[in-house]
Amino acid sequence: MNNQQFQPIMRHWRIIFFLWIILTIFTSAFGISALVTSPMHPIYFVLVAILPSTLFLIISLITSHSIFSQIFISLKNLIFKNDSAITFQSKLPIRYIVQLVSNATWITILLTSIVVLFFKFTFQHVDFYLGNTFTESKEITESVIRYLNFFPEKLGLISFDYKIIEASFIKDGLNDAARSLWAKWTIIMILFHGLLPRILVFTYYVVRSLLHSTPQATVSQPIVLDQAEEKPLVIRAPKVEVHGNGHYQVALDITDQIRLSSDVIKLNDIEAFQQFELKHKAEPIEKIEVFVDGNLMPDRGLLRRMIRLLNLAEHATIHVLTQDEYQKSMWHKHLSSVLVEGEAANYDIQ
């Protein structure tokens with residue numbers, strides 16, 4: 001794809017991303033504004049604000065999936081043609097897109113929350129009250145506050161007077177200085193524990209995306225890999241010599257975001273995989289091509305299923321679908337320990 005064709009796609013993505021951020025701002029502003037009531041429980045409010053962001057950040061970093069990014073990509077697929085969408089995805093690894101969309105959305109939500117709180121605290125009288133149902137919660141409350149304050153106090157971002165905690169358990173028991181301190185504390189906690197981690201991760205992936213180089217649009221010949229130098233993730237038993245007929249193309253754990261030929265058989269569930277395996281144990285295959293999403297981590301379960309497919313065929317090629325050089329190196333390391341003569345891996349298919 002030349003630059004003249006690629007520019008309209010990029011412009012469309014910018015438009016839909018801008019509209020997505022605007023929608024996020026309005027929904028966040030109305031939602032946070034409705035939650036800020038007087039009296040306000042500052043610790044409960046802060047935990048509700050930062051815990052979902054922290055939890056989803058951990059999940060997205062581990063699994064490379066995000067609810068917000070899935071919604072965004074689904075919205076984009078409804079607006080743009082599939083060929084344009086797939087062309088864009090091939091320019092940048094899907095995990096980069098997931099992290100950029102997810103973190104930009106959470107940054108917008110948290111930043112909007114801070115702005116709404118600032119205006120609420122500036123122009124409205126908001127009281128704070130730590131009342132709770134369990135009498136044991138007083139000790140827990142102070143422990144949570146000290147935990148949240150640990151790094152901000154070390155960095156000099158806040159100077160907290162712990163004497164106001166006791167007064168905050170009495171309704172209407174705070175003076176103006178104490179209410180002001182709780183207001184500042186609420187904003188700083190959301191900023192430090194919620195917004196700052198998201199900004200750091202977002203900046204990291206922006207830099208990675210800018211440094212990401214797109215490979216040339218060529219299909220290399222399958223590469224027969226040498227034996228792995230490091231300890232293999234799985235140990236493959238010696239392959240029994242087989243002689244078969246036919247040429248099959250199958251896909252393992254391929255999502256709908258990756259478009260393949262209609263001739264490719266998807267073996268994403270256990271039932272389909274077992275049926276295919278049972279059939280071709282009795283009727284071996286001459287050549288099999290296995291397509292796998294290279295953005296997934298090559299874990300033991302996936303490698304073992306792949307080995308079971310390789311054992312069904314006389315010759316085999318594994319196509320690792322990813323543009324991420326780090327993911328390619330991970331797959332190269334693990335596949336090199338399981339491939340035998342007559343089997344190859346291809347990392348540069350477009």
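All residue numbers in this chain count up from 1 along the given sequence.
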When hydrophobic residues are tied together by side-chain contacts of less than 4.5 Å, even through go-betweens, does [X] share a cluster with [Y]?
| X | Y | value |
| --- | --- | --- |
| Ile114 | Phe202 | yes |
| Leu210 | Ile199 | yes |
| Phe273 | Val338 | yes |
| Tyr162 | Leu130 | yes |

Next on the checklist: Going by side-chain contact (heavy atoms from CB on, under 4.5 Å), name the residues that satisfy it together with Ala178, two or more places apart in sequence or in a different chain.
Outcome noted: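 With sequence neighbours excluded, Ala178 shows a side-chain contact (heavy atoms from CB on, under 4.5 Å) to Ile164, Leu174, Asn175, given in chain and number order.
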
Quick one: does [X]'s side chain get under 4.5 Å of [Y]'s, heavy atoms only?
| X | Y | result |
| --- | --- | --- |
| Ile288 | Val250 | yes |
| Leu252 | Met306 | yes |
| His334 | Leu303 | yes |

[Y] and [X] side chains, donor-acceptor separation under 3.5 Å:
| X | Y | value |
| --- | --- | --- |
| Asn295 | Thr322 | yes |
| His243 | Glu286 | no |
| Arg236 | Ser337 | no |

Item to check | Step-by-step side chain to side chain contact (heavy atoms under 4.5 Å, CB included) determination, Val320 to Phe291 | outcome: CA-CA 6 Å; Val320 181; Phe291 294 86; over 6 Å; no

Next on the checklist: Tell me whether the rings of Tyr347 and His332 are parallel (<30°), tilted (30 to 60°) or perpendicular (>60°).
Outcome noted: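 Tilted: the ring planes of Tyr347 and His332 meet at 30° to 60°.
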
Checklist entry - What is the ring orientation for Phe123 with Phe119, classed by angle as parallel under 30°, tilted 30 to 60°, or perpendicular over 60°? => result parallel

Checklist entry - Are the aromatic rings of Phe160 and Trp182 close, with centres under 6.0 Å apart? => result yes

Next on the checklist: Go through it in stages, so that I can follow the logic: the residues are Glu277 and Arg305, the test is salt bridge (charged side-chain N to carboxylate O under 4.0 Å, His left out), and I'd like the CA-CA distance, side-chain angles, deciding distance and then a yes or no.
Outcome noted: CA-CA 10 Å; Glu277 183 182 30; Arg305 282 183 290 148; over 6 Å; no

